[in-house]
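Single-structure report; data block below.
All residue numbers refer to positions in the sequence shown, counting from 1.
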Amino acid sequence: MLEPYYRINQAVGLNIGILPNGEATLSACEIIIRDNKLDIEKKLVGLKSIEELNKHFPAKTFIALNLFGKSVLQKRIEKVDQVDQGNFTQLLPNANFDDFYIQNFISGTTSFISVIRKADADKWINLIKKQGFTPLILSLGPFSIQTILPQLNVYDNEIIIDGHIIQRGEHSEWVSYRYDPSVSASFPLKIESEPIDEKLIIPYAVAFQTVLAAKFNLVQANVSSLEITFQNIIATKKLQARSILMLLIVFILLLINFFVFSWLNLSNAKLANRVNLSAQSTNDIQGIKDQVKEKEALLKDLGWDSGVNKSALIDQLAALLPTDVSWTELTINPIDQSAVRVQKALQFVDGKIRVVGTAERIIPVNEWIARVKTKKWVKNIQLDSYTYNSELNTGQFIVLIDY
């Protein structure tokens, strides 16, 4: 979750090409990460000196430096995981290992070793610091391009960028490299969909790998002072992020604590009020209970059954009625005649519908009963009686429905 706080979100890639006469050409590219999207902020080519950077970038800007040309020596050898005092003498016999910054770029089974005298590199690093900027890494040659090749619109095994000629094998591994200032890319280059001057490819690459250092193996020389600076900046960002996180957690806990105590106080106040009301109304509780019982008894006597929509039930029964069946009487919650006889009190049979009607034949009545049974609200239905009235020349029936 805190990964964005552990990285450099803005950096300037500075590419310095040292010509045979000792002069230098400079190009710079600033990239910035906003809302997890990487944007190119500034593109500068044709710079003549480090001092010109002050016109474009504020003090303390993070600089990813790349050097190539005179003073930078490159050798292609079989893959070595690390260049040390022992194998360095095979590269530069009679040279002092401690006098050089060394970069080991591994591709496939090959190591491309780049070396520069510390005195030559420190001259540029110190010039950058003198202008108030903060250098973070030193990269040598074009090898940092490897990190951005998937973004470029290059698809051949031979890649030409600003005089740098790179040959790749069938598995995209680097096979050879040489520099020829007279050649250039044969088509306009793009990073993703954004056109870019080929002189800005290397500065973009070194800046790109700096802001996304956690995701790549940096292509850089072993400059311990810059590595310490870089690590200290990352450590400071981690500390700041953790401090912010701790403050946020404390704030959230305090906020939760505030709301919990506020809720408890409100609940206590409500409970206290209820206790007071309960104490004041203790003498009336029994009277209220008696009133409730009386009203419940009255409702029962009146045949109230929890507000069932009786008209809807009647409509559904009528809708299912065959054409040759007629009703003469329909009673919902009919009077319990046995209770009237025995208890001499008026009582109703709850949850029952009594239908009285006529039909010349019993078959339509049975058909109607079968239809009514399909209703979910019908608990039971039965034909209570069916008698034929010779005077009326029709049958009379009584159907009882429980709902």
Side-chain angles (χ1 to χ4, degrees), residues 13-25 64-126 128 135-149 157-169 171-181 183 201-203 205-206 209-210 213 216-230:
L14 177 61
N15 186 39
I16 300 177
I18 308 168
L19 302 178
N21 60 6
E23 294 182 359
T25 60
L65 175 62
N66 187 82
L67 299 175
F68 76 94
K70 185 183 178 181
S71 303
V72 179
L73 175 64
Q74 270 115 13
K75 283 198 174 185
R76 175 180 176 275
I77 62 173
E78 290 186 6
K79 175 183 174 181
V80 293
D81 293 327
Q82 187 176 359
V83 179
D84 53 24
Q85 182 74 56
N87 53 28
F88 180 74
T89 55
Q90 300 175 17
L91 299 172
L92 294 176
N94 302 320
N96 185 353
F97 177 77
D98 295 327
D99 290 342
F100 294 88
Y101 292 133
I102 303 165
Q103 174 183 287
N104 181 12
F105 172 69
I106 299 174
S107 183
T109 59
T110 303
S111 282
F112 292 87
I113 308 299
S114 304
V115 297
I116 186 172
R117 287 190 177 275
K118 291 182 178 179
D120 294 331
D122 288 342
K123 178 186 70 172
W124 295 105
I125 293 172
N126 291 332
I128 292 171
L136 296 182
I137 69 169
L138 170 64
S139 186
L140 303 175
F143 303 102
S144 58
I145 292 175
Q146 175 65 24
T147 59
I148 65 163
L149 281 178
N157 286 336
E158 182 179 70
I159 301 173
I160 300 176
I161 297 175
D162 190 26
H164 301 279
I165 304 170
I166 302 160
Q167 293 289 341
R168 296 189 298 171
H171 301 296
S172 298
E173 76 279 10
W174 290 40
V175 175
S176 66
Y177 160 73
R178 63 188 177 89
Y179 178 68
D180 183 350
V183 299
I201 296 295
I202 292 178
V206 291
Q209 70 170 0
T210 302
F216 297 104
N217 292 323
L218 294 178
V219 181
Q220 63 175 336
N222 60 331
V223 185
S224 58
S225 60
L226 298 186
E227 292 175 2
I228 291 171
T229 300
F230 201 173

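Using bins of under 30°, 30° to 60° and over 60° for the plane-to-plane angle, the ring pair Phe97/Phe88 lands in the perpendicular bin.
Phe112 is linked by a ring pair (Phe, Tyr, Trp, His ring centres under 6.0 Å) to Phe143, counting only residues two or more places apart in sequence or in another chain. A search for side chain to side chain contact (heavy atoms under 4.5 Å, CB included) contacts involving Ala121 returns Leu67, Tyr101, Ile116, Leu138, not counting sequence neighbours. The side-chain hydrogen bond (donor to acceptor under 3.5 Å, both in side chains) test applied to Asn222 returns no partner, not counting sequence neighbours. Take Gln167 and apply the side-chain hydrogen bond (donor to acceptor under 3.5 Å, both in side chains) test, not counting sequence neighbours, and it matches Glu158. The side-chain hydrogen bond (donor to acceptor under 3.5 Å, both in side chains) search around Ser111 returns Asn104, not counting sequence neighbours. With sequence neighbours left out, the ring pair (Phe, Tyr, Trp, His ring centres under 6.0 Å) criterion links Tyr179 to Phe68, His164. Judged as a side-chain hydrogen bond (donor to acceptor under 3.5 Å, both in side chains), and not counting sequence neighbours, Asp98 has no contacts.
Leu140 and Ala221 make their closest contact through CD1-CB, 4.1 Å (heavy atoms, listed as atom of the first residue, atom of the second, distance). Here the shortest heavy-atom pairing between Ser114 and Gln74 reads OG-CG, 3.1 Å. The shortest heavy-atom contact between Phe230 and Thr210 is CZ-O, 3.7 Å. Taking every heavy atom of both residues into account, Ile160 and Val183 meet most closely at CG2-CG2, 4.0 Å.
Between the side chain of Ser139 and the main chain of Val219, a donor-acceptor pair closer than 3.5 Å is present. Side-chain atoms of Lys70 do not come within 3.5 Å of backbone N or O of Asn21 as any donor-acceptor pair. Remark: side-chain polar atoms of Gln146 are not paired, donor with acceptor, to backbone N or O of Ser144 under 3.5 angstrom.
Paired with Pro135 under the rule side chain to side chain contact (heavy atoms under 4.5 Å, CB included), one option of Thr229, Asn126, Ile125 passes, and it is Ile125.
Within the model, atoms OG of Ser107 and CZ of Arg76 stand 10.0 Å from one another, a figure rounded to the nearest 0.5 Å. The distance from the OG atom of Ser225 to the CG atom of Asp122 is 7.0 Å, given to the nearest 0.5 Å. Ile137 contributes atom CD1, which lies 4.0 Å from atom CD of Gln209 (distance to the nearest 0.5 angstrom). One finds the CD1 atom of Ile145 at 8.5 Å from the OH atom of Tyr177 (value rounded to the nearest 0.5 Å). Of the inter-residue distances, the one linking Ile16 atom CD1 with Ile128 atom CD1 reads 5.5 Å to the nearest 0.5 angstrom. Here the CG atom belonging to Asn96 is positioned 8.5 Å from the NZ atom belonging to Lys118, to the nearest 0.5 angstrom.
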Counting only pairs under 3.5 Å, give me each side-chain donor-acceptor contact of residues 78-86, with atom names and distances, residues two or more places apart or in other chains.
residue : atom : partner : partner atom : Å
Asp84   : OD1  : Gly86   : N            : 3.1
Asp84   : OD1  : Asn87   : N            : 3.1

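Sparse packing is recorded around CG of Asn217, with 12 or fewer heavy atoms of other residues, nucleotides or ligands lying under 6.0 Å away.
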